[in-house]
Structure formats: structure tokens, C-alpha cells
Chemist: 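The structure's right below; bear with me while I get my questions together.
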Amino acid sequence: MLETLTAIWSNILSVLDQFPEENVAIIVYVTGTIIALWCWYRLMSRLPNPVGGILWIVAFAVLATPSISEGPNSALAPAIFGLIFGVLTKEQVLIWSNLSLILFVIGIGLLMGFCWSKYTANKTARSV
């Protein structure tokens, strides 16, 4: 049984070795973000309309806002990691740059949500 598991695991690792490390990191990050946001959407759809939408926008901003960081995969690092790293190292520039990115995405999302709610309200008012 142990040999079978070892063979399966080595086959999986050999498949992953064919792809560059950057592509695997991007695929895992995007897939994980999509799965987490889908689960969060399913939870937030049970809440009242504006509260669920606002909390989904906050979760989206925390998970999907890219950050400026070090390393080969820095373009797709979530800003929350840069924010946590800045808090731990007490670097004010890192804290404010990542926090401003997250708050910018939240602001844009709230603005889009407001416009969408006004659009759907006007659409239903005209059809009645």
C-alpha cells in the first residue's frame, strides 16, 4: 500500500515538474481565490442584500488585490500578506501602500455596487 501511494505521489510531482514554478503559483493562487470567493458568495447570499454584497466586496479586496513585494511571483501576491508583513516589521511605507491598495479596491467595488443597485432599481421601476 505504501509503495502505491509513493508511486502516485511521485507521478503527481513529475507532472508538476513539467510546468515552470511561476505558472504553478499563479494557477494555485487564482484557483484558490476563485474557490474561496465562491464559498464566501454562497455564505453571503443568505444575508440581507446590502450587507452580503459589502462583505463580499471586502473579501474580494482582501484576497484578490495584488501587492508590491519581493520575489519572482510578487505581481500576484495578495496585498494582505504585504500588509501583515509590514505590520510585523513595522515598515510604515509597506503598511500604507498595501492598505491603500485594499481600500481602493473596496471603494471601487462599493461604487460599482451602488451604480448597479441604482440601475436595477430603475430597471424594475420602468417595467412596472
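Since this is a predicted model, take the numbers as computed values, not measurements.
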Chemist: Starting from W38, walk the hydrophobic network (Ile, Leu, Val, Met, Phe, Trp, Tyr; side-chain heavy atoms closer than 4.5 Å) and list everyone else you reach, by chain and number.
Modeler: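 Taking Ile, Leu, Val, Met, Phe, Trp and Tyr as members, W38 stands alone, with no cluster partners.
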
Chemist: Hey, could you give me the CE/OG distance between M112 and S117, rounded to the nearest 0.5 Å?
Modeler: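 Rounded to the nearest 0.5 Å, the CE-OG separation comes to 12.0 Å.
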
Chemist: Which residues pass the side chain to side chain contact (heavy atoms under 4.5 Å, CB included) test with T33, sequence neighbours left out?
Modeler: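 In terms of side chain to side chain contact (heavy atoms under 4.5 Å, CB included), with neighbours along the sequence ignored, T33 is linked to Y29, L37, L63, A64.
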
Chemist: Restricting to side chain to side chain contact (heavy atoms under 4.5 Å, CB included), what partner residues turn up for T31, sequence neighbours left out?
Modeler: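 Side chain to side chain contact (heavy atoms under 4.5 Å, CB included) list for T31, sorted by chain: I27, I35.
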
Chemist: Checking side-chain contact (heavy atoms from CB on, under 4.5 Å) between L103 and each of L99, L101, V105, which is the one that passes?
Modeler: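 Going through the options one by one, the only one that passes is L99.
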
Chemist: Got a second to check how far I34's CD1 is from C39's SG, nearest 0.5 Å?
Modeler: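 It comes to 12.0 Å.
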
Chemist: Just how far is it from atom OG of S100 to atom CD1 of I95, taken to the nearest 0.5 Å?
Modeler: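 One gets 12.0 Å once the value is rounded to the nearest 0.5 Å.
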
Chemist: Is the shortest side-chain heavy-atom distance between V58 and I106 below 4.5 Å?
Modeler: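 Of all side-chain heavy-atom pairs linking I106 with V58, at least one is under 4.5 Å.
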
Chemist: How close do A61 and T65 get, heavy atom to heavy atom, and via which atoms?
Modeler: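 Looking at all heavy atoms of both residues, the shortest contact is O-OG1, 2.5 Å.
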
Chemist: How many angstroms lie between atom CG of N98 and atom CD of E91, to the nearest 0.5 angstrom?
Modeler: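 Answer for the CG-CD pair, N98 versus E91, is 10.5 Å.
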
Chemist: Would a hydrophobic clustering, with Ile, Leu, Val, Met, Phe, Trp and Tyr connected at side-chain separations under 4.5 Å, put V87 with I102?
Modeler: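 Yes; I102 is reachable from V87 via cluster members.
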
Chemist: Given side chains that start at C-beta, do those of N11 and V15 come closer than 4.5 Å, heavy atoms only?
Modeler: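 N11 vs V15: side chains apart.
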
Chemist: Of the non-hydrogen atoms in P66 and A79, which two are nearest, and what is the gap between them?
Modeler: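 That would be O-CB, 4.0 Å.
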
Chemist: Calculate, to the nearest 0.5 Å, the distance between atoms CG and OG belonging to L5 and S10 respectively.
Modeler: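 Reported to 0.5 Å precision, the distance equals 11.0 Å.
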
Chemist: Consider only side-chain heavy atoms of I, L, V, M, F, W and Y, link residues closer than 4.5 Å, and tell whether L43 and W56 are in one cluster.
Modeler: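 Looking at the clustering, W56 is in the same group as L43.
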
Chemist: Of all residues at least two apart in sequence or in a different chain, which pass the side chain to side chain contact (heavy atoms under 4.5 Å, CB included) check with L88?
Modeler: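 By the side chain to side chain contact (heavy atoms under 4.5 Å, CB included) rule, L88 matches I84.
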
Chemist: Write out all pairs satisfying ring-ring contact (aromatic ring centres under 6.0 Å, His included) with one or both partners inside residues 79-127, taking only residues at least two apart or from two chains.
Modeler: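 Listed by first then second residue: W116-Y119.
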
Chemist: Side-chain atoms of residues 46-55: list all donor-acceptor pairs with protein atoms under 3.5 Å, sequence neighbours left out, distances to 0.1 Å.
Modeler:
from, atom 1, to, atom 2, distance (Å)
R46, NH1, R42, O, 2.9

